[in-house]
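Quick notes on the structure that follows.
Just so you know, these numbers come straight off a predicted model, no measurement behind them. Letters go in sequence order (proteins before strands), and every chain restarts at 1.
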Amino acid sequence: MSGDHAHAEDQIECGSRVNDSYKHKDKYKEKDHKHKKEKEREKSKHGNSDHKDSDKKHRDKEKERVKHKDGSADKYKDKHKEKRKDEKMKSLDGKVKKEKENGFASPPHMKSEPEDDFYHSPRQEKTLKRERDNDDDFDFKPKKIKTENDKKPKKRKPDEDVKPNKKTKTKKVADGKKRIKNEPEEKWKWWEEERYTDGVKWRFLEHKGPVFAPPYEPLPSHVKFYYDGKVMKLSPEAEEVATFFAKMLDHEYTTKDIFRKNFFKDWRKEMTSEEKAKLTDLKKCNFGEMAEYFKAQSEARKSKTKEEKLKIKEENERILQQYGFCIMDNHRERIANFRIEPPGLFRGRGDHPKMGMLKRRIRPQDIIINCSKDSKYPEPPPGTKWKEVRHDNKVTWLVSWTENIQGSIKYIMLNPSSRIKGEKDWQKYETARRLKKCVDRIRNQYREDWKSKEMRIRQRAVALYFIDKLALRAGNEKEEGETADTVGCCSVRVEHIKLYPENEGQEFVVEFDFLGKDSIRYYNKVPVEKRVFKNLQLFMENKEPDDDLFDRLNTSILNKHLQELMDGLTAKVFRTYNASITLQQQLKELTNGDDNIPAKILSYNRANRAVAILCNHQRAPPKTFEKSMQNLQTKIDAKRDQLSDAKRELKSSKADAKVRRDEKSKKTVETKKKAVQRIEEQLMKLEVQATDREENKQIALGTSKLNYLDPRISVAWCKKFGIPVEKIYNKTQREKFAWAIDMAEKDFEF
DNA sequence: TTCGGCACTTAGAACCCGGAGG
DNA sequence: CCTCCGGGTTCTAAGTGCCGAA
């Protein structure tokens, strides 16, 4: 079996995948021969399972053995079951759409160009540059097994290093000042330096702390709240919470029972005792004037004059410069989310039992600051104190607090363009590339394990097969009643799959239908190997619909096993590996060197799309989709008319030239010819755009591009086909993937 | 062996803003 | 010039996975 794994096609083939409504049009031109390939792969997988008769008897016996062996083991997962049944009885609501509201001042537009080079590394000697990755000897080793690279990359500066460094730097600033603006070399190439080992994340860290949400501004007195038709003045505390609800009035959320119930309960906690006594029924509350007021406010914001807008922008820029950066190990790095989440109503996704609860305002005394001892600590706002200031350089966060809905910890961390995030990202892809080297072995192994006489091993092997073939997530257990009921591979329940010995001409079809992360539906019908099918039947025997399919398995067992198969291997590595390898393969198949740039980019997007489908990255079709599609079609029609006009003109000018035979008319013919060509090109571009958009209706490419596709594959593709990398990655993405853009050559192989 | 805590990645939707086109 | 649209950006929820204590 070759390393390739054409899952994307499994799903494309299987048709109605994306929330039922996604109909693939036959736009994947490679469809047919792909299908063959896939079949071949399946065949070769079957390999030694030719002896069908004996196989069956054998299996039946085996089944007995398996059951006996396992029968006495207790099902540790059962305790969840009862609760779930209860929950089901209680909540009969339909699916919940996620909604969102943000009544707070708009965040600044962030710039990430370094403003000065003071923190740039002075050490950029090319001689120390790390060897390119395309040679197989280079391994980005996880820290545990890290060995010194014979290339001797730069040492990360120890503390003593700091002073001499600064001198060099200052000098550099002086002579480099003018060139800085458009000198990419001035950007710090952290990927040419040595990484920390032993879990140390930084030596020096200084920052200004978080930006708090603006304090609550009470409503002007003319904006009234009514209860049971009568005006009622609310206390500031109760009023603030009321405004959170008022701002969401347009959303479906506010019609949901759970949301309303949770909101009202938490709202009442903020009321004075008089208010509490009076306000007993949410239905009698009229937030209309508040809602009007906020709408007017946002209108007013939009229609502000240029100067006012500029002023706001400048202020935002100032805050960004002050709070949006930190100094980590002598480099000025962008912080991702330096603003504390404002208070509001919790918007869980899907059928979240806690939707509508009050998300508390975070105060300085809730905040833990992390920075280095020898840094200038951030100041809490006047008259307040931090909860704690600590100096833990084994973690990457700068600020943390505990959120009140789930009791989980929230963090302020660095931007994806930072060294600390970039290194990790790079490492992730290197792990996936190591998997590539041993994936055949692992696949053979789990196929063997389908025959194991131990139930837990069979379950593990079948689950792993799904994770590999279908790119399912691991599926950790979740606390009942705390979150929406969603599952991943290990937590899939019997009710989530259906088995068809035969379906639409295919044998051994499994139908998956469950809600995954973010309550996004995963629907897929896949033919599986007979052994897998039989195993699934076995796992489902004597179980209730809401029993776990893999009752002898959880993510920690699975990951422990994976760890033994390859250092650093976990379930999610398969997703990364399969996504990246699929992109590489699809690019190879779809790109036509003779195409023009837009056509090549369409190919790229299609390859990207195959991955997004594999990973089930969906989006709600944009509300304006139909309209914008129509607009585009109108444009195309107009362009067509224009083209036929131009063609007609060309013809007549040709005729004209034939008669006149002078230079001038010849020239006219040439011009007309060019015009036709230009219009044809424009038309083609529009048509490509239309195709691309149609195919993308409910598929989100961004997530895979940002998180699953080794950027070096894309960069190499750009280099190979002469596509400017800007056509593939926007500015933010180029910043995040700077390492890949710098190091990948056109022959990079994932 | 399980559990909860913690740190960090991955995710879709809301929001914003600038540029194309009228 | 204004409006509309789409891409880019921000937001924060929801996952994964590891660790240490009971």
Side-chain angles (χ1 to χ4, degrees), chain A residues 76 79 97-112 199 201 251 298 301-303 309 313 316 336-342 344 346-350 352 354-355 359 370 392 394-397 400 402-403 405-411 413-416 420-421 424-425 428 473-479 482-484 486-491 515-520 554-560 562-563 568-573 575-576 615-620 622-625 627-628 631-632 635 689 693 698 700-704 706-708 729-733:
Chain A
Y76 61 89
K79 60 177 171 321
K97 272 243 178 65
K98 187 233 167 180
E99 284 152 27
K100 198 179 156 181
E101 158 273 335
N102 187 351
F104 292 84
S106 57
H109 181 75
M110 297 192 178
K111 294 241 170 66
S112 37
K201 304 291 168 60
H251 288 284
S298 83
R301 220 173 301 135
K302 271 182 219 154
S303 54
K309 280 183 179 168
K313 211 173 162 184
N316 280 334
N337 55 328
F338 56 92
R339 287 167 197 275
I340 300 261
E341 296 173 18
F346 177 73
R347 310 149 103 86
R349 300 168 183 196
H352 198 115
K354 299 197 171 183
M355 65 166 84
K359 226 175 85 162
N370 194 31
D392 182 357
K394 297 279 205 293
V395 297
T396 68
W397 54 267
S400 77
T402 301
E403 154 265 2
I405 303 288
Q406 327 259 7
S408 65
I409 306 170
K410 301 260 190 169
Y411 303 94
M413 291 183 188
L414 296 194
N415 197 64
I420 217 160
K421 294 291 181 187
K424 201 80 185 297
D425 206 37
K428 172 182 78 188
R473 294 188 186 82
N476 282 317
E477 291 120 296
K478 318 164 65 189
E479 223 176 313
E482 294 293 301
T483 59
T486 61
V487 299
C489 187
C490 295
S491 51
L515 298 182
K517 181 177 180 180
D518 295 321
S519 292
I520 296 289
N554 61 33
T555 53
S556 120
I557 294 171
L558 179 64
N559 281 333
K560 217 168 271 165
L562 293 176
Q563 190 57 236
L569 187 60
T570 62
K572 86 187 190 81
V573 178
R575 245 166 107 82
T576 311
C615 294
N616 201 38
H617 291 142
Q618 299 187 27
R619 60 165 186 177
K623 271 169 241 129
T624 54
F625 186 83
K627 209 173 90 195
S628 84
N631 288 347
L632 197 56
K635 266 194 213 166
Q689 202 187 340
R693 196 182 295 175
Q698 31 188 327
L701 300 187
T703 305
S704 49
L706 236 43
N707 300 301
Y708 288 104
Y729 290 136
N730 67 32
K731 184 162 164 279
T732 315
Q733 293 164 337

query = What's the closest nucleotide to the Lys421(A) side chain, out of dA13(C), dT9(B), dA11(B)?
reply = dT9(B)
request  = Please check the phosphate of dG15(C) (OP1 and OP2 only) for any side-chain N or O of Asn476(A) closer than 4.0 Å.
outcome  = no
key: N or O in side chain of Lys313(A) less than 4.0 angstrom from dC16(B) OP1/OP2   = no
request  = Taking only the side-chain nitrogens and oxygens of Thr732(A), find out if one of them lies under 4.0 Å from OP1 or OP2 of dG8(C).
outcome  = no
query = Arg339(A) side chain: which of dG17(C), dA14(B), dC11(C) is closest?
reply = dC11(C)
ask   = Do the side-chain N or O atoms of Lys201(A) get closer than 4.0 angstrom to the phosphate oxygens (OP1, OP2) of dC8(B)?
value = yes
query = For the side chain of Trp397(A), counting heavy atoms from C-beta on, which of dG15(C), dC18(C), dA7(B) is nearest?
reply = dA7(B)
inquiry  = Using a 4.0 Å heavy-atom cut-off, does Phe346(A) contact any base of the nucleic acid, only the sugar-phosphate backbone, or nothing at all?
reply    = sugar-phosphate
message = With a 3.5 Å distance limit and no angle check, can you tell me whether Asp392(A) reaches the backbone of Trp397(A) through a side-chain donor-acceptor pair?
response = no
ask   = Rounded to the Å, how far apart are Glu477(A) CD and dA14(C) C1'?
value = 16 Å
query = If you check every side-chain atom of Ile520(A), which of dC8(B), dC18(C), dG12(B) has the closest atom?
reply = dG12(B)
task = Could you state the atom-to-atom distance from CD of Glu479(A) to C1' of dG15(C) in whole Å?
result = 15 Å
request  = Kindly say if His352(A) contacts the phosphate of dA14(C), meaning a side-chain N or O under 4.0 Å from OP1 or OP2.
outcome  = yes
request  = Could you grab the distance from atom NZ of Lys354(A) to atom CD1 of Ile405(A), nearest 0.5 Å is fine?
outcome  = 7.0 Å
task = Would you kindly give the CD1-to-C1' distance between Ile340(A) and dT12(C), to the nearest whole Å?
result = 13 Å
ask   = For Thr570(A) and dT16(C), is the shortest distance between a side-chain N/O and OP1 or OP2 below 4.0 Å?
value = no
query = Which of the following nucleotides, dT12(C), dC18(C), dT9(B), is nearest to the side chain of Asn559(A)?
reply = dC18(C)
task = Please tell me which of the listed nucleotides, dG12(B), dA14(C), dT16(C), lies nearest to the side chain of Ala474(A)?
result = dT16(C)
Phosphate-side-chain proximity, Tyr411(A) and dC6(B), N/O vs OP1/OP2 below 4.0 Å = no
Main-chain N/O of Ala700(A) paired to Gln618(A) side chain as donor or acceptor, under 3.5 Å = no
ask   = salt bridge (charged side-chain N to carboxylate O under 4.0 Å, His left out) with Lys309(A): which residues, sequence neighbours excluded?
value = none
query = Where the side chain of Ala571(A) is defined as all heavy atoms beyond and including C-beta, which of dA11(B), dT12(C), dG17(C) is the nearest nucleotide?
reply = dG17(C)
inquiry  = Test your reading of the model: is there a side-chain donor-acceptor pair from Lys428(A) to the backbone of Asn707(A), 3.5 Å cut-off?
reply    = yes
ask   = Does Cys489(A) or Asn730(A) map to a spot on DNA chain C nearer the 5' end, using the closest nucleotide for each?
value = Asn730(A)
key: Whole angstrom value for the distance that separates P of dG12(B) from OH of Tyr708(A)   = 9 Å
inquiry  = Under 3.5 Å, is there any donor-acceptor pair linking the side chain of Lys572(A) to the base of dT10(B)?
reply    = no
request  = Compare side-chain N and O positions of Asn337(A) against OP1 and OP2 of dC11(C) and report whether any pair is under 4.0 Å apart.
outcome  = no
message = Any side-chain to backbone donor/acceptor pair from Lys517(A) onto Thr486(A)? Under 3.5 Å, distance only.
response = no
ask   = Over how many whole Å does the gap from Glu403(A) atom CD to dG5(B) atom C1' extend?
value = 14 Å
key: Listed nucleotide nearest any side-chain atom of Lys428(A), set dA7(B), dT10(B), dA13(C)   = dT10(B)
inquiry  = With a 4.0 Å cutoff (strictly under), does any side-chain N or O of Arg301(A) reach OP1 or OP2 of dC17(B)?
reply    = no
inquiry  = Under 4.0 Å from OP1 or OP2 of dA13(C): is there any side-chain N or O of Gln406(A) that close?
reply    = no
request  = Indicate, with a heavy-atom threshold strictly under 4.0 Å, whether Lys359(A) touches base, sugar-phosphate, or nothing.
outcome  = sugar-phosphate
request  = Using a heavy-atom cut-off of under 4.0 Å over every strand shown, decide if Gly516(A) touches base, sugar-phosphate, or nothing.
outcome  = sugar-phosphate
task = Identify which nucleotide among dG8(C), dA7(B), dA13(C) has an atom closest to any side-chain atom of Lys410(A), counting heavy atoms from C-beta outward.
result = dA13(C)
inquiry  = Please determine whether a side-chain nitrogen or oxygen atom of Ser408(A) lies at a distance below 4.0 Å from atom OP1 or OP2 of dA14(C).
reply    = no
message = I want to check one thing: is the phosphate of dC18(C), taken as OP1 and OP2, less than 4.0 Å away from some side-chain N or O of Lys560(A)?
response = no
ask   = Does Arg619(A) place a side-chain N or O at less than 4.0 Å from the phosphate oxygens OP1/OP2 of dA11(B)?
value = no
ask   = Short question: side chain of Asn554(A), backbone of Asn476(A) - any donor-acceptor pair under 3.5 Å?
value = no
inquiry  = Restricting to salt bridge (charged side-chain N to carboxylate O under 4.0 Å, His left out), what partner residues turn up for Lys394(A), sequence neighbours left out?
reply    = none
ask   = How close or far is atom P of dG6(C) from atom CG of Leu701(A), stated in whole angstroms?
value = 15 Å
request  = Indicate, with a heavy-atom threshold strictly under 4.0 Å, whether Gly488(A) touches base, sugar-phosphate, or nothing.
outcome  = nothing
request  = Select base, sugar-phosphate, or nothing to describe what Thr396(A) touches, counting heavy atoms under 4.0 Å on all strands.
outcome  = sugar-phosphate
task = Please tell me which of Thr402(A) and Leu706(A) maps to the more 5' nucleotide of DNA chain B, matching each residue to the nucleotide holding its nearest heavy atom.
result = Thr402(A)
Nearest-angstrom distance from the residue atom NZ of Lys478(A) to C1' of dC3(B) = 18 Å
query = Rounded to the nearest Å, what distance is computed from the NZ atom of residue Lys309(A) to the P atom of nucleotide dC17(B)?
reply = 8 Å
ask   = Distance check: side-chain N/O of Ser556(A) vs OP1/OP2 of dC18(C), anything under 4.0 Å?
value = no
